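Before any comments, here is the structure.
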Protein chains: 2
Amino acid sequence: MFNTTSLLATHILDMEKLRKHIEEITPVSDDEFEYIKAFFTKKRVRKHQFLIQAGEKVACEYWIANGVFRAFYTDETGREHILQFALENSWLSDYNAFFHQTESTMNIICMEEAEVLSLTLHAREKLASDLHKMEHFFRMKVTSGYTAQQHRIISLLCRNPKERYEEFGILFPEIVRRIPKKYIAEYLGISRETLSRIHPVQRRGIPVKQ
Amino acid sequence: MFNTTSLLATHILDMEKLRKHIEEITPVSDDEFEYIKAFFTKKRVRKHQFLIQAGEKVACEYWIANGVFRAFYTDETGREHILQFALENSWLSDYNAFFHQTESTMNIICMEEAEVLSLTLHAREKLASDLHKMEHFFRMKVTSGYTAQQHRIISLLCRNPKERYEEFGILFPEIVRRIPKKYIAEYLGISRETLSRIHPVQRRGIPVKQ
DNA sequence: TCAAGGCTGTGACTTTGATCACACTTTAAT
DNA sequence: ATTAAAGTGTGATCAAAGTCACAGCCTTGA
């Protein structure tokens with residue numbers, strides 16, 4: 001493994017996947033995509049490895065071809081608070097630090113072996129200014145991030161732990177399946193004990209035993 | 001008041017202000033601005049008037065030339081939760097409903113007599129697609145909204161009421177001055193009684209009596 | 001394959017902030 | 001100018017969720 005051939009092969013596959021991802025927003029010609037591709041750099045990340053570490057300059061944002069990450073903030077008392085879980089096809093960085101080219105205040109850690117494509121701020125802004133459609137693409141992406149965060153703020157303001165957990169389960173069933181509950185507690189802003197005491201409403205049929 | 005001359009006069013002033021606002025992000029030529037202007041419609045809003053009402057279609061977003069608004073969500077139990085205070089030079093709408101052209105889930109109410117410039121979704125997208133620099137402008141705006149919301153999420157996850165209120169006072173002294181505390185409590189996700197029991201740290205010198 | 005570490009559940013106790021109640025003050029509207 | 005409505009402060013009580021402690025289970029990696 002990790003020989004040139006396989007790396008090249010997955011590289012091509014990832015790039016195709018990125019193209020599909022972009023084309024969910026805007027079509028791109030073959031020539032345009034050849035141009036776009038060149039701005040990205042592939043990176044392989046292993047479990048437990050940091051993608052971004054608090055205190056270090058944030059040079060890139062990342063598009064996840066596959067794998068799982070969590071982005072979290074560590075407060076003064078040492079508690080961790082999760083800002084984002086990122087699965088394949090999502091974008092991720094400490095955007096505040098990235099856009100201002102400053103040191104990260106958050107950590108991003110790989111939770112399942114991953115492949116990502118990285119983009120420097122310079123590359124991103126060049127891409128956006130050279131290709132109007134990429135500017136549009138990035139605008140659409142940040143817009144949906146904005147509305148998703150707004151939703152999360154409403155949830156934090158209006159709902160109790162049980163309601164938040166249930167809503168989370170409906171919105172992100174995949175994450176509930178793949179990620180340890182203690183991290184979900186950190187995302188929802190509740191203690192892992194409280195989350196552990198929330199028991200799902202029993203739906204029709206016999207409980208599933210495996 | 002409200003005669004043609006004064007309306008026209010303030011209209012011109014507001015448009016000049018909008019131009020300055022846009023030029024904080026990107027320069028625009030006279031011709032370009034003439035083109036941009038035409039997409040906006042001026043609206044005068046009085047205190048207590050709804051700009052957007054839950055359950056109604058959201059046709060526009062608004063740029064505030066002057067005045068103050070609050071955007072809030074009313075939960076099932078009737079409690080109100082504030083999403084945003086908007087002062088002059090800010091943009092505001094129920095963006096989720098606006099982008100999806102659906103009914104609002106939130107209310108936006110005028111708190112101080114205001115003048116706003118409205119933009120339909122169609123106008124906004126046309127502006128963005130006709131002028132690359134306006135696409136850029138909108139991207140920059142939503143990006144800073146995104147990072148601001150991220151900051152608020154961290155604050156809700158990590159900080160207790162006292163810390164949140166103090167941070168709010170540092171970030172938005174203007175709002176603390178102009179807006180009743182009970183609304184600030186609704187923004188911070190705490191009860192007005194708890195907020196009222198938070199007393200500012202006494203800084204050097206004799207307490208100010210007026 | 002077995003030891004160590006991470007994850008989860010649950011009981012006992014504590015703390016924080018919500019709620020309720022009421023008085024007082026300021027603001028706005030006629 | 002006066003009356004109603006909105007906003008604020010504060011005490012008493014309560015409940016929800018946090019914290020601490022510990023036991024049992026899974027993973028995982030040497």
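Since we're looking at a predicted model, the values are computed, not measured. Labels below follow one simple rule: chain letters A, B, ... track the order of the sequence lines, proteins then strands, and each chain is numbered from 1. Note that these values count all heavy atoms, side chains included, but never hydrogens, waters or copies made by symmetry.
Within the structure, a side-chain polar atom (N or O) of B:Y183 is placed less than 4.0 Å from OP1 or OP2 of D:dG7. Between D:dT10 and B:H199, a contact under 4.0 Å exists linking OP1 or OP2 to a side-chain N or O. Contact annotation: A:S191 does not reach the phosphate of D:dA17 (side-chain N/O to OP1 or OP2, under 4.0 Å). Side-chain nitrogen and oxygen atoms of B:R46 include none within less than 4.0 Å of the OP1 or OP2 phosphate oxygen of C:dA28.
For an aromatic pair to be called close, the ring centres must be under 6.0 Å apart, and A:H136 with B:F138 fails this. Between B:F69 and B:F85, the ring centre distance reaches or exceeds 6.0 Å.
In the set D:dT8, C:dT19, C:dA18, D:dT8 carries the atom at the smallest distance from any side-chain atom of B:K182. Across D:dT10, D:dT8, D:dT28, the shortest atom-to-atom separation from the side chain of A:K47 is found for D:dT28. Checked against C:dT8, C:dA18, D:dG18, the side chain of A:P180 finds its nearest nucleotide in C:dT8. Checking D:dG9, C:dT19, C:dT10 against every side-chain atom of B:S196, the shortest atom distance belongs to D:dG9.
For the residue pair B:H151 and A:N96, no side-chain donor N or O sits within less than 3.5 Å of a side-chain acceptor on the partner. In summary, the side chains of B:E61 and B:S118 do not present any donor paired with an acceptor at a separation below 3.5 Å, with no hydrogens or angles considered.
Rounding to whole angstrom units, NZ of residue A:K181 and P of C:dC7 are separated by 12 Å. The interatomic distance linking A:H48 (NE2) with C:dC7 (P) rounds to 8 Å, in whole Å. Rounded to an integer number of Å, the gap from CG of B:L157 to C1' of D:dG18 is 15 Å. Rounded to an integer number of Å, the gap from A:E186 CD to D:dG18 P is 13 Å. D:dG29 atom P lies 11 Å from atom CD of A:E113, rounded to whole Å. Protein atom CD1 of B:I184 is 11 Å distant from nucleotide atom P of D:dG9, rounded to whole Å. Summarising the geometry, the separation between CG on A:L195 and P on C:dT10 is reported as 13 Å, rounded to the nearest angstrom. The separation between B:R164 atom CZ and C:dT16 atom C1' is 12 Å, rounded to whole Å.
Donor-acceptor pairing under 3.5 Å, judged by distance alone, is present between the side chain of A:R197 and the base of C:dG11. Side-chain atoms of A:R192 come within donor-acceptor range of the base of C:dG9, with a qualifying N/O pair under 3.5 Å.
Judged by closest nucleotide on DNA chain C, A:E193 is the one of B:N160 and A:E193 placed further toward the 5' end.
Note that B:R152 lies in the cation-pi zone of B:Y187, set by a 6.0 Å cut-off to the ring centre and a 45° limit from the axis.
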